[in-house]
Amino acid sequence: MHLTLHIWRQQNATSAGGFETYRVDDVLPEMSFLEMLDVLNERLTREGREPVAFDHDCREGICGMCSLVINGAPHGPDRATTTCQLHMRRFHDGETIYIEPFRATAFPVLKDLVVDRSAFDRILAAGGFITARTGSPPDANSVPVPKVDADLAMDAAACIGCGACVAACKNAAAMLFVGAKVSHLALLPQGKPERRRRALQMVQQMDAEGFGGCTNERECEAACPKGISVANIARLNREYLWASLADPE
Amino acid sequence: MAFHRPQKVRMFHRLRTFLGSTLGKKVAMSITGLLLVLFLIAHLAGNLLFFKDQDRSAFDHYAQMLEENPLLPLAEIGLLVLFVVHLGLAFLTTRQNREARATRYRVSQALGKRTLGSSTMLITGILVLAFVVVHLLDFRFKERAPDGLGAMLERRLSEPIGAGIYLLGVIALGIHLSHAVRSALRTLGADHPRFNELLQRGALTLAGVLFLGFAAFPLVVVGSRLGSTLASSSADEGAPTTPADPGLAPLPVSADGQGH
């Protein structure tokens with residue numbers, strides 16, 4: 001396969017970036033998208049040019065490190081698929097592909113396609129945990145959890161914190177991420193005692209990081225590689241509203 | 001915990017924190033928006049009396065009854081507050097949202113449930129605001145004509161410009177509401193797999209009913225005027241029909257406007 005790539009290149013966080021065009025030949029349909037970029041980078045390195053910086057880690061679709069907006073879609077054209085699990089068979093010979101970093105004021109570009117997503121870490125540090133030790137996994141059924149709640153919590157816990165929801169949202173809102181994290185813990189008995197404080201503090205940190213608000217266009221849900229439902233945003237709204245009304249402090 | 005801040009200060013602090021947050025602002029916008037929708041339902045229900053009779057006496061009587069109600073100024077102030085809060089928060093959140101996404105993508109595509117309504121909320125909102133100003137100048141702050149409010153409304157809607165403005169205002173409102181109602185309910189936390197379909201359809205139906213109901217006014221008046229013009233020209237009388245012509249043709253579309 002032969003491809004024309006328009007890739008966002010930016011020297012560092014303070015410099016202005018721009019698109020550069022690369023022609024890549026010898027792309028195999030079996031390659032993953034990141035392997036295709038590896039091929040490009042090998043060539044750039046051989047030519048003595050600077051390789052394209054992009055984030056990646058596990059390349060198994062579970063770590064949440066890869067990103068990229070590919071032809072306007074975070075993680076590319078496949079639904080419920082991370083960039084590392086996207087394969088070149090999804091594209092056709094001669095195709096032109098635009099590759100951009102996740103765009104959000106709260107996710108500043110560090111270099112080329114790499115953005116700083118530590119805002120998510122600070123939101124989690126603000127309340128996305130349980131303060132007391134809950135011990136090792138309890139014996140089955142020793143802590144009763146309704147099946148429905150267990151399933152919903154598990155679905156929410158599937159969030160890998162990649163930030164595609166923010167990248168997809170026209171307001172760069174982090175509501176799906178925060179909704180998933182708040183839901184995951186609020187639905188389980190271990191997370192319930194601190195649910196109000198958690199909702200208040202995580203939303204406060206979310207706002208402090210400069211994320212936007214939710215307009216209910218559901219772009220985040222469509223872009224999420226883990227298929228997190230916007231029902232979690234509605235649950236976050238309920239948790240936050242209730243916490244604002246009823247939190248004793 | 002007697003050493004805590006006094007209850008009143010805490011309440012104020014909490015309200016400020018709540019309204020200062022993105023979620024709080026959206027919740028306040030949703031509540032004010034939904035209350036404004038309730039007003040629209042009442043406004044439409046009352047105004048449909050316009051179609052009850054040819055001399056608009058039922059409508060004029062309804063208007064007079066409203067004006068004589070001593071609670072009317074209170075209701076008007078309430079509406080003004082709802083409007084100002086809704087608008088103010090809309091501008092605040094829009095500014096915040098634009099700051100959050102300062103850089104645009106070179107290539108972008110809508111993958112979720114973006115609609116005409118959802119992507120034009122600010123524009124349609126501003127159009128509705130402009131329309132409301134015109135509407136208030138037309139009927140609230142204008143001296144009442146001796147032949148009654150119904151006749152005033154009919155004259156206004158008989159002018160091509162008047163009918164155009166009212167139709168545009170109603171279209172903007174319809175597009176705004178097509179996204180607004182479901183979005184507001186979702187912001188207030190209304191989401192349940194069993195009821196989502198119902199909520200979506202119900203919200204769209206409500207928007208559709210309000211749109212058709214309000215659109216009926218300019219459409220029926222212009223339609224009946226055209227009808228009477230055609231009738232008079234075919235009768236070859238040559239005399240121009242006045243907008244307030246009491247001998248307007250029957251209103252075949254009115255049932256349609258009320259029926260949806």
Side-chain angles (χ1 to χ4, degrees), chain A residues 6 8 19 69-74 77 79 97-98 100-101 103-106 109 166-175 199-200 203-204 206-207 209-223 229-242 244-245 247-249, chain B residues 1 4-5 10 13-15 17-31 89-90 92-115 117-119 121-122 179-193 196 199:
Chain A
H6 297 286
W8 182 264
F19 281 96
V69 172
I70 301 160
N71 284 340
R79 293 266 164 141
I97 306 174
Y98 278 86
E100 302 176 66
R103 295 287 188 199
T105 307
V109 175
V166 174
C169 177
K170 68 176 182 187
N171 307 329
M175 293 286 286
L200 292 175
V203 167
Q204 192 182 13
M206 175 182 86
D207 288 347
E209 298 291 347
F211 292 103
C214 179
T215 323
N216 294 311
E217 285 197 322
R218 304 175 69 168
E219 293 293 323
C220 53
E221 184 182 57
S229 161
V230 291
N232 291 296
I233 293 184
R235 189 177 295 104
L236 170 63
N237 288 332
R238 293 198 294 274
E239 291 286 324
Y240 184 76
L241 190 53
W242 185 239
S244 297
L245 289 170
D247 189 56
E249 178 33 44
Chain B
M1 307 234 185
H4 273 179
R5 276 171 291 191
R10 255 174 29 204
H13 176 75
R14 184 172 295 183
L15 188 68
T17 311
F18 180 72
L19 288 178
S21 71
T22 41
L23 262 71
K25 284 194 197 80
K26 297 296 289 196
V27 164
M29 264 180 87
S30 302
I31 293 172
L89 291 174
L92 277 179
T93 51
T94 302
R95 199 182 62 184
Q96 195 178 354
N97 290 341
R98 298 238 162 117
E99 280 168 6
R101 159 57 58 69
T103 318
R104 290 178 167 242
Y105 290 108
R106 174 73 173 271
V107 182
S108 68
Q109 30 173 318
L111 304 161
K113 309 271 180 180
R114 184 173 299 170
T115 60
S118 76
S119 48
M121 286 303 273
L122 185 72
H179 177 69
V181 180
R182 181 65 189 108
S183 181
L185 290 173
R186 196 177 276 284
T187 300
L188 293 175
D191 182 289
H192 190 286
N196 280 344
L199 284 173

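Since the model is a prediction, treat every value here as computed from it, not as a measurement. Computation of the quantities below employed the complete heavy-atom set of this structure, encompassing side-chain atoms and omitting hydrogens, waters and symmetry-equivalent molecules. Per chain, numbering begins at 1; letters A, B, ... match sequence-line order.
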For B:R104, which atoms come within 4.5 Å of any heavy atom of chain A: side chain, backbone, both, or neither? backbone
Are the side chain of B:E99 and the backbone N or O of A:G210 linked by a donor-acceptor pair below 3.5 Å? no
Check each atom of A:V166 against the heavy atoms of chain B and say whether the ones under 4.5 Å are side chain, backbone, both or neither. backbone
Among the options A:T215, A:V69, A:N171, pick out the one with the most heavy-atom pairs lying under 4.5 Å from chain B. A:N171
Euclidean distance, B:F18 CZ relative to A:L200 CG, rounded to 0.5 Å: 10.0 Å
Measuring from atom CZ of B:R114 to atom CZ of A:R218, what distance do you get when rounded to the nearest 0.5 angstrom? 14.0 Å
So what's closer than 4.5 Å to chain A heavy atoms on B:S119: side chain, backbone, both or neither? both
Between chain A and each of B:A190, B:S183, B:S108, B:P193, count heavy-atom pairs under 4.5 Å; write down the option with the most. B:S183
Under a 3.5 Å distance rule, please check whether A:E219 uses its side chain to pair with a backbone N or O of B:A110 as donor and acceptor. no
Donor-acceptor contact present, side-chain B:R186 to main-chain A:A234, <3.5 Å: no
Where is the tightest heavy-atom contact between A:Y240 and B:S21, given as atom of each residue plus distance? OH-OG, 3.0 Å
Using heavy-atom distances under 4.5 Å, tell me whether A:F211 contacts chain B through its side chain, its backbone, both, or neither. backbone
Any side-chain donor near an acceptor of the partner, B:T187 and A:N237, under 3.5 Å: no
Top contributor to chain B contacts, counting heavy-atom pairs under 4.5 Å, from A:A73, A:P101, A:A167: A:A167
Checking heavy atoms, do the side chain of A:L236, its backbone, both or neither come under 4.5 Å from chain B? both
Chain B heavy atoms under 4.5 Å from A:C169: which part of the residue, side chain, backbone, both or neither? backbone
Quick check on A:A173 against chain B: is it the side chain, the backbone, both or neither that has a heavy atom closer than 4.5 Å? neither
Against chain B, work out which of A:K170, A:M175, A:E239 has the most heavy-atom pairs shorter than 4.5 Å and name it. A:K170
Pick from B:H192, B:K26, B:R106 with the largest number of heavy-atom pairs that fall under 4.5 Å of chain A: B:R106
Report yes if some heavy atom in the side chain of A:N216 is under 4.5 Å from a heavy atom in the side chain of B:R182; otherwise report no. no
Atom pair OG1/CD of A:T105 and B:Q96 - distance to nearest 0.5 Å: 11.0 Å
Return the minimal non-hydrogen interatomic distance between A:D207 and B:T22, and the atom names on each side. OD1-OG1, 2.6 Å
A:R238 CZ: over 12 foreign heavy atoms closer than 6.0 Å: yes
Residue pair B:R101 / A:R103, side-chain heavy-atom distance below 4.5 Å: yes
Distance from B:L23 atom CG to A:L241 atom CG, nearest 0.5 Å? 8.5 Å
Any donor and acceptor pair, going by atom type alone, linking the side chain of B:N97 with main-chain N or O of A:G212 inside 3.5 Å? no
